[in-house]
Amino acid sequence: HPFLAAELGPAFSLDRALRLGTLPLVSSSANPEDTLRSYIQLYLDQEVKTEGLVRNLDQFVRFLEVMSFSHANSLNLSEIGRECQVKRSTLDSYVAILEDLLIACRLPVFSKRAKRALVAHAKFYYFDAGVFRSLRPAGPLDRPEEGDGQALEGLLLQHLRAWIDYGSPDARLHYWRTQGGAEVDFVLYGATVFAAVEVKNTAVIRDAELRSLRSFHADYPEAELFFLYRGKEVLLRHGVLCVPVERFLRKLIPGKPLP
């Protein structure tokens, strides 16, 4: 796993993590941007090209870029296939390669004791916010803040995955989305944890942004509710604990309850 904020301690910077991720090699580098680019190239050369995992490396590189637009989104392989101009069987093998090499993961829908019609598609994430940023194409018309929300959601995902693997291995990570459009970014479910977590790249809490968490709670009153945002105050609003996301990440420690 990439570093947790708690592992980096005072060296952790949310803005830097959103831009460069928290891979150990990158975090300790004097030239993190170059190291991040080299990491992706090394992955392509050693893990993909040398092992002969794909026949067409240029096509696979194009696939990696296209998948960056699905980061933190429901995965529609039919659309991605049309964009990449590859067959569905090839696309399935490409996604499997990413998962086998632990470069990406798919997040399933939480459907236990479901009371509403749910979507079927999993969500897709690259395993590190910096890797996502490095693969996401950028041009002169792109604003610097574009992709910030996806990077923030991905950064939280990598922290929650590490928190589970290091301290709560029985727990599972999901997301929740109804066919009516209500969506919660993350659902943690296990013997000692049941929590719904929404994260927004905003400094202001709007009641509308809490609606999906409240809908989830109507179906699962046992769940704790967290809304993480870029503000400064810890607040309780409509039964939802609203916490600054940087504070949450810094206090997220494996083996301890969610902060």
Any ion pair linking [Y] and [X] (charged N to carboxylate O, less than 4.0 Å)?
{"X": "Asp148", "Y": "Arg133", "value": "yes"}
{"X": "Arg62", "Y": "Asp58", "value": "no"}
{"X": "Glu246", "Y": "Arg250", "value": "yes"}

Full working for salt bridge (charged side-chain N to carboxylate O under 4.0 Å, His left out) between Asp207 and Arg211: CA-CA 7 Å; Asp207 286 350; Arg211 193 172 295 143; over 6 Å; no
Of all pairs that satisfy salt bridge (Lys or Arg N to Asp or Glu O under 4.0 Å), the ones with a partner from residues 212-231, not counting sequence neighbours: Asp15-Arg230, Arg113-Glu222, Arg116-Asp219
Summary of salt bridge (Lys or Arg N to Asp or Glu O under 4.0 Å) pairs that have at least one residue in residues 156-177, sequence neighbours excluded: Arg177-Glu183
His1-Tyr166 aromatic ring centre distance below 6.0 Å: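 Yes, they do, as the ring centres are separated by less than 6.0 Å.
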Within the 6.0 Å centroid threshold, strictly below: Tyr175 and Phe186: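 Centroid separation for Tyr175 and Phe186: 6.0 Å or greater.
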Plane angle bin for Tyr126 and His71 - parallel if under 30°, tilted between 30 and 60°, otherwise perpendicular: parallel
Ring geometry between Phe194 and Phe110 (parallel below 30°, tilted from 30 to 60°, perpendicular above 60°): tilted
Are any non-hydrogen side-chain atoms of [X] and [Y] less than 4.5 angstrom apart?
{"X": "Leu14", "Y": "Leu155", "value": "yes"}
{"X": "Phe124", "Y": "Ile80", "value": "no"}
{"X": "Val243", "Y": "Lys251", "value": "no"}

Side chains of Glu198 and Ser212, donor plus acceptor under 3.5 Å: no
Partner set under salt bridge (Lys or Arg N to Asp or Glu O under 4.0 Å) for Arg106, not counting sequence neighbours: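 Per chain and number, Arg106 pairs via salt bridge (Lys or Arg N to Asp or Glu O under 4.0 Å) with Glu99.
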Distance-minimising heavy-atom pair for Pro2 and Glu7: O-OE1, 4.3 Å
Closest contact, heavy atoms only, Val26 versus Leu20: CG1-O, 3.8 Å
